Amino acid sequence: MFACDGARGFGCNFPRGCSFLGCVMNGDDFRRVVLRHKDRVHTYAAWVMRDVEEARDVTQQSLLRLWEHRGTVSEAAAATWLRRTAHRLCVDRLRRQNVARNNGDGPLALLSAGGEAGGSEATELCRSVAAALAALPERDRAVIVLREMDGLSYEQMSEIMEMPLGTLKAALHRARERLRRALTGAGVLG
Amino acid sequence: MSELGDELWRDCAKARALIQEHLDSNPRESSDVSLPTHLEECDACHEYLEGQLAVRAGLRGLPLIAFPEDAIEEVWSETISAGRFRRGEGRPAAGRRWLAAAAVLAAAMVGWPWFTSDTIRHSAERTEPVQTVDATRLARAATEVRLVVDLTNDALDRVERAAFDEPLMGRLAETLRQLRVHRGENETEESEEAI
């Protein structure tokens, strides 16, 4: 009947990840969640904002908000919560910047620099894909990063991007198609 | 477009939709187009599939962009290290605390009359078996009450932790754990002595 594995350390009898009476995150839980998700949230924000500095601010703000809401967000729900918050912050910032700004070389600069984020694994195909991805509209970049790089389910993506499942699937299909066309146009694909 | 060409185009559109679903590991159960057969016959769709796989490989090969160390230090300094616990922050919502209190009250209201009922009191005093109480029902009732009491204890533990443990930086949890371990050892010793 009850499935908790004592995540709270008190032999709690409620299902793991429930937020009844708060699976309230304490300092250790928060630290664990942050260390687990910080790079993924940062990567997501970097690709959506196309600006690493902005991504740093967005990620930091998302983590601080998680701390403020730790009474209502369980550890299990934190991954989706963080991404949704980061997504909202990105959309707000892009809207404020009037969307016209195009810092397309934000994450790309890290890739071509071969620095800590680049590394030797960034092959030629990856660079081409990254360039094509950076040139896509914001919503396309968001769905592709969430699906292909983060490996999230449709349901999680729908929750993060706050759009119905059908709309999300259509958006993902369109985004993939645009990416494929861009790569075909660049001569990367046959 | 001729009828045959139109049909082929429709098949390609369906096949590409199926390819997307296969890429998402979520293939449709039934379709009037057999994907393997279509891919063998249609070069364009075959190329489409290869293209999608290459794009996916490229995307999955992209590295994570690490969150800078100095930024994470700033997060720690503004959260855990600051030790700031603003009023109400990190505590269960007021509604949930009320719910816990109501659960405790309800358990007390249900449990107390049952524990103090004449039947129970007399059954404890009598030496002969009680004929008026069905033993199965009594056992079931006892199990249910025990479950309610367990749940209430859990709720109280959680409220206690939220109220005291967090401001004490986890020390209460550790002390309680040690007390429980200590109590468990004592009980074991007592039972051994009894034996």
Side-chain angles (χ1 to χ4, degrees), chain A residues 8-14 20-22 24-28 30-31 34-35 38-43 46-47 52 55-56 59-60 63-64 67-68 70-72 107 110-111 116-119 121-123 125-126 128-130 133 144 147-149 154 172-173 176 179-180 183-184 188-190, chain B residues 16-17 20-21 23-24 26 47-48 50-52 54-68 70-72 74-76 78-81 83 86 88-93 96-97 99-100 147 150-151 153-155 157-162 165-166 169-170 173-174 176-177 180:
Chain A
R8 313 293 326 150
F10 282 92
C12 145
N13 273 343
F14 292 95
F20 177 69
L21 273 178
V24 183
M25 269 193 274
N26 61 23
D28 288 341
F30 178 73
R31 185 182 289 273
V34 169
L35 292 176
K38 65 183 173 63
D39 289 344
R40 292 222 167 263
V41 175
H42 187 239
T43 305
W47 279 110
V52 179
R56 174 196 163 115
T59 310
Q60 221 166 21
L63 296 173
L64 293 177
W67 175 254
E68 285 165 13
R70 67 191 186 281
T72 50
L110 286 177
L111 278 178
E116 59 173 318
E121 62 206 91
T123 58
L125 175 65
C126 291
S128 309
V129 169
L133 176 64
I144 284 185
R147 180 69 197 177
E148 303 293 358
M149 291 167 74
Y154 284 145
L172 181 60
H173 181 75
R176 279 173 172 161
L179 189 59
R180 194 187 63 85
L183 287 167
T184 309
V188 179
L189 300 178
Chain B
R16 287 176 188 202
Q20 292 288 339
E21 286 167 9
L23 287 173
D24 285 336
N26 189 24
E47 265 180 28
Y48 176 85
E50 283 184 348
Q52 290 290 1
V55 170
R56 165 172 282 197
L59 285 168
R60 296 203 169 161
L62 290 176
L64 285 179
I65 301 169
F67 189 49
D70 58 324
I72 195 70
E74 283 174 29
V75 171
W76 299 144
E78 290 200 27
T79 54
I80 300 170
S81 307
R86 286 201 291 271
E89 202 180 79
R91 296 176 63 199
R96 290 179 186 152
R97 292 201 299 274
L99 198 59
L147 185 63
D150 282 347
L151 283 172
N153 277 338
D154 271 333
D157 271 347
R158 289 165 146 263
V159 171
E160 185 184 57
R161 195 193 70 78
D165 186 36
E166 202 150 321
M169 305 299 284
E174 181 56 23
L176 282 174
R177 195 185 62 75
R180 281 173 188 157

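If you're wondering where the values come from, they're calculated on a predicted model, not measured in any experiment. Throughout, protein chains are lettered first and strands after them, A, B, ... in sequence-line order, and every chain is numbered starting at 1.
Remark: R31(A) engages no residue in a salt bridge (Lys or Arg N to Asp or Glu O under 4.0 Å) (not counting sequence neighbours). In this structure E50(B) satisfies the side-chain hydrogen bond (donor to acceptor under 3.5 Å, both in side chains) test together with H46(B), sequence neighbours excluded.
Annotation: maximal heavy-atom pairing with chain A below 4.5 Å, among V55(B), L59(B), I72(B), occurs at L59(B). Annotation: maximal heavy-atom pairing with chain B below 4.5 Å, among L63(A), V129(A), D39(A), D28(A), occurs at D39(A). When V34(A), L183(A), L133(A) are compared by the number of non-hydrogen pairs under 4.5 Å with chain B, V34(A) comes out ahead.
One distance of note links OG1 of T59(A) with NZ of K38(A); it measures 10.5 Å at 0.5 Å rounding.
Q20(B) and R176(A) are linked by a side-chain donor-acceptor pair at a separation below 3.5 angstrom, with hydrogens and angles left out of the test.
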